Amino acid sequence: MRLRFMVLPKFSIVVCSAFILFTVIGTLSHELGHITVAKYLGYDTMLDYGSMSWYPKGYLEDPVLQELNTIVETYDYDNFEDWPEEITLKVESLSKMLNENYPLISETDNFYITLGGPIQTLLTSGIGLLILYLRRKVWCIPFQFVDGLAVMMALFGLREVFNYVHALYDFVCFSESEFMADEFKISRYLGYNEWLIPSVAMIIGVLISAFVIFKILPVHYRFTFILSGFIGGIVGYGLWFGGFGAMLFNSNICL
């Protein structure tokens with residue numbers, strides 16, 4: 001594994017821009033993995049810029065829910081205790097009707113839907129890795145644009161590394177003990193130590209990324225790729241979750 005510590009300016013701009021773009025693509029495609037499973041199981045879904053949600057069929061179009069939403073839009077939800085009594089009673093009545101009409105989603109369905117996101121991420125990463133292996137190692141085709149796309153697909157696995165490092169940082173620095181990332185939820189559902197599945201996913205992400213960077217990329221591109229990719233990933237994450245994503249998704253998208 002060799003690095004040549006020289007920055008290639010034009011290549012750096014391309015890589016940085018690609019990581020910014022694919023940070024967004026990776027985030028949304030991960031959520032679409034959840035949505036695909038939820039749709040298969042018969043649920044209504046909504047997509048936000050960094051998450052998704054699922055509901056029983058017909059829930060989102062229910063007139064009772066729409067009436068509730070109208071009330072919430074009219075009054076300040078954060079000051080619920082200050083609402084007129086007749087309004088709070090009406091909200092409680094409407095909420096009870098919804099709960100009676102739509103039973104709780106089963107834990108099994110919740111598990112499968114949660115599983116859909118990580119599977120999509122790692123499957124995309126695996127497909128990218130397979131394309132690179134066949135084209136570069138088996139067929140010995142010179143590096144082309146399609147290989148660049150396959151590199152970015154393979155590096156979707158870095159999401160698992162980021163999630164793990166982020167959780168570890170919260171655990172060490174803030175004594176966080178309850179993690180809501182998909183991999184932790186999957187571990188808890190299966191009855192394992194909650195760090196088991198995140199650790200396995202992180203190791204898979206590291207191995208795929210190391211293979212792509214140190215076995216696929218030409219030596220003279222590696223340092224620039226690592227440095228620019230790191231910067232682009234941080235910038236992309238900061239832009240998307242720092243306001244740009246919320247601006248584009250000013251309301252959830254029903255899918």
Side-chain angles (χ1 to χ4, degrees), residues 1 3 5 7 12 15-16 18-31 33-34 48-53 107 110-126 128-129 151-215 217 222-246:
M1 295 183 181
L3 287 175
F5 297 96
V7 176
S12 177
V15 172
C16 190
F19 268 83
I20 292 173
L21 177 62
F22 273 84
T23 297
V24 176
I25 293 174
T27 298
L28 295 179
S29 62
H30 176 90
E31 301 307 328
H34 293 301
D48 199 3
Y49 67 92
S51 63
M52 59 80 63
S53 49
E107 284 298 313
N110 282 331
F111 170 72
Y112 286 134
I113 295 169
T114 301
L115 196 61
I119 286 180
Q120 183 280 331
T121 296
L122 292 175
L123 182 61
T124 300
S125 185
L129 181 63
V151 164
M152 299 308 299
M153 289 175 61
L155 293 180
F156 270 36
L158 283 174
R159 178 187 178 92
E160 304 300 334
V161 180
F162 174 83
N163 284 348
Y164 188 90
V165 172
H166 189 273
L168 190 62
Y169 172 78
D170 286 344
F171 176 74
V172 173
C173 296
F174 303 106
S175 300
E176 182 65 53
S177 59
E178 186 173 351
F179 305 99
M180 300 310 296
D182 297 329
E183 297 77 10
F184 289 93
K185 293 178 181 178
I186 293 168
S187 275
R188 289 194 293 267
Y189 179 87
L190 294 174
Y192 300 147
N193 181 288
E194 67 175 350
W195 286 91
L196 179 61
I197 299 300
S199 298
V200 172
M202 180 272 295
I203 291 171
I204 293 173
V206 167
L207 291 176
I208 291 176
S209 302
F211 178 83
V212 169
I213 293 171
F214 295 107
K215 294 296 184 181
L217 290 178
R222 290 175 188 169
F223 179 71
T224 301
F225 184 87
I226 294 171
L227 179 62
S228 303
F230 181 74
I231 294 172
I234 292 176
V235 171
Y237 183 88
L239 287 174
W240 189 248
F241 288 95
F244 190 67

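Source: prediction; values computed, not measured.
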Interatomic distance, [X] atom [atom1] to [Y] atom [atom2] [nearest 0.5 angstrom]:
{"X": "D170", "Y": "E178", "atom1": "CG", "atom2": "CD", "value": "12.5 Å"}
{"X": "Y112", "Y": "T114", "atom1": "OH", "atom2": "OG1", "value": "12.0 Å"}
{"X": "I203", "Y": "S199", "atom1": "CD1", "atom2": "OG", "value": "6.5 Å"}
{"X": "L207", "Y": "M202", "atom1": "CG", "atom2": "CE", "value": "9.5 Å"}
{"X": "L196", "Y": "E194", "atom1": "CG", "atom2": "CD", "value": "11.0 Å"}
{"X": "L28", "Y": "M52", "atom1": "CG", "atom2": "CE", "value": "12.5 Å"}

For [X], give me all partners under ring pair (Phe, Tyr, Trp, His ring centres under 6.0 Å), at least two apart in sequence or on another chain.
{"X": "F19", "answer": "F225"}
{"X": "Y169", "answer": "F174"}
{"X": "F184", "answer": "F179, W195"}
{"X": "F111", "answer": "Y189"}

Does any non-hydrogen side-chain atom of [Y] lie less than 4.5 Å from one of [X]?
{"X": "I186", "Y": "P118", "answer": "yes"}
{"X": "I213", "Y": "I226", "answer": "yes"}
{"X": "Y49", "Y": "F244", "answer": "no"}
{"X": "W240", "Y": "T23", "answer": "no"}
{"X": "F241", "Y": "T27", "answer": "yes"}

List for me each residue that meets side chain to side chain contact (heavy atoms under 4.5 Å, CB included) alongside [X], sequence neighbours excluded, and say none if there are none.
{"X": "F162", "result": "H166, Y237"}
{"X": "I119", "result": "L115"}
{"X": "L227", "result": "V7, F223, I231"}
{"X": "I204", "result": "L122, V200, I208"}

Practice problem: State which residues pass side chain to side chain donor-acceptor pair (under 3.5 Å) with S125; sequence neighbours excluded, sorted by chain then number. | Solution: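 Result, side chain to side chain donor-acceptor pair (under 3.5 Å) vs S125: none returned.
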Self-check item: Those residues that, when tested against S209, pass side chain to side chain donor-acceptor pair (under 3.5 Å) (two or more places apart)
Solution: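 None.
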Quiz item: Where the side chain of H30 meets the backbone of G117, is there a donor-acceptor pair that is under 3.5 Å apart?
Solution: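 Yes; at least one donor-acceptor contact below 3.5 Å.
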Practice problem: Keeping the roles fixed (side chain from S187, backbone from I197), state whether a donor-acceptor pair exists under 3.5 Å. | Solution: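 Answer holds: yes.
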Exercise. Starting from the C-alpha separation in whole Å, work towards a yes-or-no answer on side-chain contact (heavy atoms from CB on, under 4.5 Å) for D182 and H34.
Key: CA-CA 10 Å; D182 297 329; H34 293 301; 2.9 Å; yes
If I compare all heavy atoms of [X] with all of [Y], which pair ends up nearest, and what's the gap?
{"X": "A201", "Y": "E183", "value": "CB-CG, 4.3 Å"}
{"X": "R222", "Y": "L217", "value": "NE-O, 3.0 Å"}
{"X": "Q120", "Y": "G33", "value": "CB-CA, 3.8 Å"}
{"X": "G229", "Y": "V15", "value": "N-CG1, 3.7 Å"}
{"X": "R188", "Y": "M180", "value": "NH2-SD, 4.2 Å"}

Quiz item: Tell me, which pairs form a salt bridge (charged side-chain N to carboxylate O under 4.0 Å, His left out) where one or both residues lie in residues 201-211, sequence neighbours left out?
Solution: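 Qualifying pairs, neighbours excluded: none.
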Quiz item: Sequence neighbours excluded, which residues qualify as salt bridge (Lys or Arg N to Asp or Glu O under 4.0 Å) partners of E31?
Solution: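 By the salt bridge (Lys or Arg N to Asp or Glu O under 4.0 Å) rule, E31 matches no residue at all.
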Practice problem: Take atom OH of Y192 as the centre, draw a 6.0 Å sphere, and report whether it contains more than 12 heavy atoms from other residues, nucleotides or ligands. | Solution: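 No, the 6.0 Å shell around OH holds no more than 12 heavy atoms from other groups.
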